[in-house]
Undergrad: 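Below: one structure in C-alpha cells.
Lettering of chains follows the sequences in order, A, B, ..., and the numbering in each one begins at 1.
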Amino acid sequence: MSETHAQTVAYVRDSMVEQREPPLSQSGAYKWIHENLLSSWVNVLLTIVSLWVIWVALSHVVPWAALGIWSADSLAQCREIRDEIYGAGASVACWAVIGERWNQLLFGFYPPELYWRPVLAFVVFLMAIAPVLFASLPRKMLWGSLLAPFVLFWLIWGGSAWMPVAVALGFVLGWAVLRFAGPAIGALGGLILAIVVPVLYWAFVAGPLAGGLAAAIPIGLEPVGSNDIGGFMLATIIGVSGIVLSLPLGIVLALGRQSDLFIINKCSVIFIEVIRGVPLIVWLFTASLLLNYFLPPGTNFDLMLRVIIMVTLFSSAYIAEVVRGGLAALPKGQYEAADALGLDYWKSMRLIILPQALKISIPGIVNTFIGLFKDTTLVVFIGLLDPIGLSNAIRASTEWNGIYWELFVFIGLCFFVFCFSMGRYSLFLEKKLRREHR
Amino acid sequence: MTTMTDPPGQGFRLSQLIYDTRYRSMTIQVVAMILLMLLFSWLVSNTIHNLQNLGKDFDFGFLSQPSGYDINQRLIEYNSQSTHGRAALVGIINTVLVAFLGCALATVLGVIAGVLRLSSNWLVSRLMAVYVEGFRNVPLLLWIVLIFALMTESTPAPSAFRGEDPDSTMLFDVIAITNRGVYIPAIHFGTPLFTNGFFNWLLVLIVLGASIFGIQRLRHWATEKQEATGVRPTTWYFILGLLVIPTAILMVLMGAFWDIPSLQGFNFGGGIHLRNSLIALWLALSLYTGAFIAEIVRGGILAVSKGQTEAAYALGLRPGTTMNLVILPQAMRVIIPPLISQFLNLTKNSSLAIAVGYMDVRSTLGGITINQTGRELEGMLLLGLFYLVLSLLISGAMNIYNSSVKLKER
C-alpha cells in the first residue's frame, strides 16, 4: 500500500501554509450569538420571549426609578411635584421617603446626637471582621477582633466603660487559670477550674468591681436602651451576634450527635430535632411570652437579648446538621488514622477531623447564616422595630400613607447586598480552600 | 504474651473514673445526666412557682370552651360559638391548605426555573439566575408584605367593575381580581347525593382515583403485552376515556353547574372568594421556595454524569427514553431529599401568615386563643407540638423513602 501511495504523490509541499482566520461564522460575536441565542427554533423562541420580558421589565422600572423625585416632605407633595414636571398620572418613584426617613431606617429611634456611636461601631466591626475573613491580613489584627465585642457593646449601649472591661477580665482570668494552674493540677482539673473561676468571678466580683471602678474613675457614654435600637442596625446586631455565637454551639451539637456516649447523643438529637421542627416565629413568641415562666420570679431581661439567644439556638441546630453532614462525608480512614496516631478525642477532632469537615460544610454553613440574617426580620412580630417594622410604621403615617414600592425596593436591595456578598464570600472561600487539582 | 494488662491486684480506684478510658465515658454521661436533671427540675420548679404566683393552673380544658371569635377564612363549619379546639382545627386546616398549594406551585416553578437555568440559551439562563438569586437573597417576609401591598393597593375596587363602560373588566369574564380578593368560579351541585358538600367532593375524588388506578393497570397490561409480543397496543383513547367519562357521568348525575362570580351590590357574590391574605402568602411562599427548588433541581440534573447519557445512547435508547429510564431516576435520588426538606421549610414558613392576617394555626391557637384565655403555656406547647409532629412525620417518611432509593453498597 505505502509503495503505491508513494508513487502517486507527485508533489510534496515543502513550506507551511500561513495560518488563516477562522471563517466568520465560526468566530467572534456571530458564533456566540448563534450558539447561545439562535441555535434552534426553540432557542429563537426563547430568546424572543426573554427579550420581551426584559423589555417589559426595564421599560417600567428604569424610567420609574431614574425619574424618581428625591426631595419632598410627603407623598402628596411628591405627587404635586410629579404632576408639575411629568404630568398627572406618570409612574415615577418617590425616593424622597428614603431620604426623609433615612436615619430612622438605619438606626431606629437611636438618639440623633449619638449617631456617631453606631457608625464608629460599624467601622470597628468591619476592622474586626476583616482579619477573620481574609487570611492575607496581618495575624496580629486578630487580637483586635477578640477585643472588638466589648468595644462594640460599649459603643452601642453606652454606660460605664468599666462594665465591659470587668466582663472581659473574666475571660482573661479563665485563660490565666488554664495557662498557669493547668499544668500544676492536671488537664481536666485545669479545664474545670478555668470554667468555674470566671463564672464565680462574673457572678460575685465583676459587678462590684465595675461599680467601684466607675465610682473611682467615671468614664462612660450616655446609656441607650435596647428599645431605641431599630432598623438595619437592629438587624445587623441580631444577625451578627447570632452568626458569631451559633457556629461554635452548632459544632458542639454536631459532635454530640456523632458521639458514642448514649446520653450526650440522645440529648443532642432531641435538642436539634425539637428546634428544627418548630418555626422560628413560635420560638420568638416563646421567648417573649413564656420565658418569664421558666425563670425565677422577678427576673426580667432585655427582649433583644432574648431574641439573640433564641436566634442563636435556632440556627445552631441547623448548623449542627450541616456540620454533621460534613463529618459523615469524611472517609472513615481519617478517623482511624487519627486514632492510630494516638491522638485523644479532642486533639483528633481539632487537628484532623474538624478542619476537613468544616471545609466540606462551608456552603451549608454560609447558607444557614444567610437564612439567619434574613430571619432577623421576624422580630417585627414581637415588637422590635426592624426595617420591615419601620416600613410598616412609615406606611401608616399620614405623610407617607400609600407608599410601598420605594420602601420595599430599598429594604430588599440592602438585604440582597448583604446576603449576596455572603454567598459570594463562601464561593471565594471554597475556591481558596480547594485542595484537589482539577 | 506481650499484650498489655492492667497492673494486677490494685482493684478499683476512684481516680479510674477520670483517667481510665473504660470508665471515663460513664463518668461524663452520669455528670451530664445529673446536670441536665438539675436544670430541668430548676425550670419546672420555677414554672410551678410562677404559675402559683399568677394564680393559674396547667389545664387544657379551655379547648372545649366556646371561643367567642370569628374566623373569616375556613374550610369547615365554624362560628363564634364553636370551641377553641375547633378554632385550632380550622387553623390547622388553613395551614395545611396554604402549605399544600404552596408546595404544588413551588415545585412547578422550581422545576421550570431549574431546567431553564441549564438552558443553552444565554438570555434565559441569565433571567432564571436573576430570579433565583433575587428571591433567595431577600427575606421571605418582605415578599409576603410586598405582594400583599400590591394586591390591596394596586388592584381595582369592586366598584370599578360597575356600569356600562367599567374601568376594569373580569379576566375571561369569569375571574375578578379586586382589592378585596380574587373571585373565581366555583362548581356547585344541583342534585347532590349528600347534604354535606364535603362528601360530594370526596365521592368525585374517589371516582377520579379509581379511574387513575384503572389507567395504571391498563398501562401495566400494555407494557406486559409489549414485552411479550414486541408491539405496544394503542391505548391513548382508552386512557382518555377512562380519565374523563366516569367523573363526568358522576358530575352530571349530581347536577354540577358553574357558579360564576358577579357584582352584587357593593361587592362580588357567588364563586369562591380567595382573600388577599391567602393569595399573597401563597404566591410569596411559592416564589421564594421555588427559587430554592430551582437550585436543587439544577444540582440534581448536573449530578448525573454525562457518561450516563452517552451510555444510554450507545445502547440505542431514544432521548425521551433516556430521560425517563436513565437520567431522571438518578437525578431524583439527589433531588428528592432536599426537596422534601424545602416542603418542610415552606410549611414552617407558612406561620408568617401573621404578617397578612391569614388565619393559620398560629393565628388561631397561638394567637387569638392565647390572648382570650391567657393560657400561653398550654397554647404554645400545643402549637409547638403540632409543628413538631408534622415535621417528624414528614422527615420520617423521607427517611423511609431515602433508604428505599439509596444506592445499595457493600
Undergrad: Which pair of non-hydrogen atoms, one from A/G277 and one from B/S391, has the smallest distance, and what is that distance?
TA: O-OG, 2.9 Å

Undergrad: Please determine, among A/L295, A/L37, A/T286, the option with the most heavy-atom pairs under 4.5 Å with chain B.
TA: A/L295

Undergrad: Quick one, B/E376 and A/F285 - any side-chain contact, counting heavy atoms below 4.5 Å?
TA: no

Undergrad: Should B/N46 and A/Y293 be marked as a side-chain contact (heavy atoms from CB on, under 4.5 Å) after you check the CA-CA gap, both sets of side-chain angles, and the distance that decides it?
TA: CA-CA 7 Å; B/N46 276 338; A/Y293 282 108; over 6 Å; no

Undergrad: Among residues 380-390 of chain A, which ones touch chain B with a heavy-atom distance under 4.5 Å?
TA: A/V380, A/F381, A/I388

Undergrad: Between OG of B/S341 and CZ of A/R276, what distance do you get to the nearest 0.5 Å?
TA: 7.5 Å

Undergrad: Please state whether the side chain, the backbone, both or neither of A/C267 comes within less than 4.5 Å of a heavy atom of chain B.
TA: side chain

Undergrad: Which of the residues B/L141, B/N137, B/L36 is involved in the greatest number of heavy-atom pairs with chain A at under 4.5 angstrom?
TA: B/N137

Undergrad: With a 4.5 Å cut-off on heavy-atom pairs, point out which of A/W405, A/F415, A/Y404 contacts chain B the most.
TA: A/Y404

Undergrad: Tell me the closest heavy-atom pair linking A/I264 and B/A32, and the distance in Å.
TA: CD1-CB, 4.1 Å

Undergrad: Scan A/N36, A/I54, A/V53 and name whichever one has a side-chain contact (heavy atoms from CB on, under 4.5 Å) with B/L123.
TA: A/I54

Undergrad: Once rounded to the nearest 0.5 Å, what's the spacing between atom OG of B/S395 and atom CD of A/E273?
TA: 6.0 Å

Undergrad: With a 4.5 angstrom heavy-atom cut-off, which part of B/L54 approaches chain A: side chain, backbone, both or neither?
TA: side chain

Undergrad: Which answer fits B/L383, side chain, backbone, both or neither, if we ask what part of it has an atom under 4.5 Å from a heavy atom of chain A?
TA: side chain

Undergrad: Taking the side chain as every heavy atom from C-beta outward, state whether A/L290 and B/L377 have any pair of such atoms under 4.5 Å apart.
TA: yes

Undergrad: B/N121 versus chain A, heavy atoms under 4.5 Å apart: side chain, backbone, both or neither?
TA: both

Undergrad: Given heavy-atom pairs under 4.5 angstrom as the criterion, report whether the side chain, backbone, both or neither of B/L392 touches chain A.
TA: side chain

Undergrad: Could you measure the distance from the CH2 atom of B/W143 to the NZ atom of A/K374? Nearest 0.5 Å is fine.
TA: 11.0 Å

Undergrad: Report, by ascending residue number, the residues of residues 355-375 of chain B in heavy-atom contact with chain A at a distance under 4.5 Å; give 'none' if the set is empty.
TA: B/A355, B/R362

Undergrad: If I measure from the heavy atoms of chain B, does A/N392 come under 4.5 Å with its side chain, its backbone, both, or neither?
TA: side chain

Undergrad: State the CD1-NZ distance between A/I281 and B/K348, to the nearest 0.5 angstrom.
TA: 12.5 Å

Undergrad: Atom CE in B/M33, atom CD1 in A/I263: separation rounded to 0.5 Å?
TA: 5.0 Å

Undergrad: Considering heavy atoms only, which positions within residues 43-50 of chain A lie below 4.5 Å of chain B?
TA: A/N43, A/L46, A/T47, A/S50

Undergrad: What residues of residues 144-151 of chain B sit under 4.5 Å from chain A when you count only heavy atoms?
TA: B/V145, B/L146, B/A149, B/L150

Undergrad: Need one label for A/F373: side chain, backbone, both or neither, based on atoms under 4.5 Å from any heavy atom in chain B.
TA: neither

Undergrad: At what distance, to the nearest 0.5 angstrom, does CZ of A/F294 lie from NE2 of B/H49?
TA: 16.0 Å

Undergrad: Please flag which part of B/L127 lies under 4.5 Å from any non-hydrogen atom of chain A: side chain, backbone, both or neither.
TA: side chain

Undergrad: Any donor-acceptor pair under 3.5 Å linking the side chain of B/E133 with the backbone of A/F420?
TA: no

Undergrad: Is it the case that over 12 heavy atoms from other parts of the model lie below 6.0 angstrom from the CG atom of A/D260?
TA: no

Undergrad: Under 4.5 Å heavy-atom distance to chain B, tell me which part of A/W32 shows up: side chain, backbone, both or neither.
TA: side chain

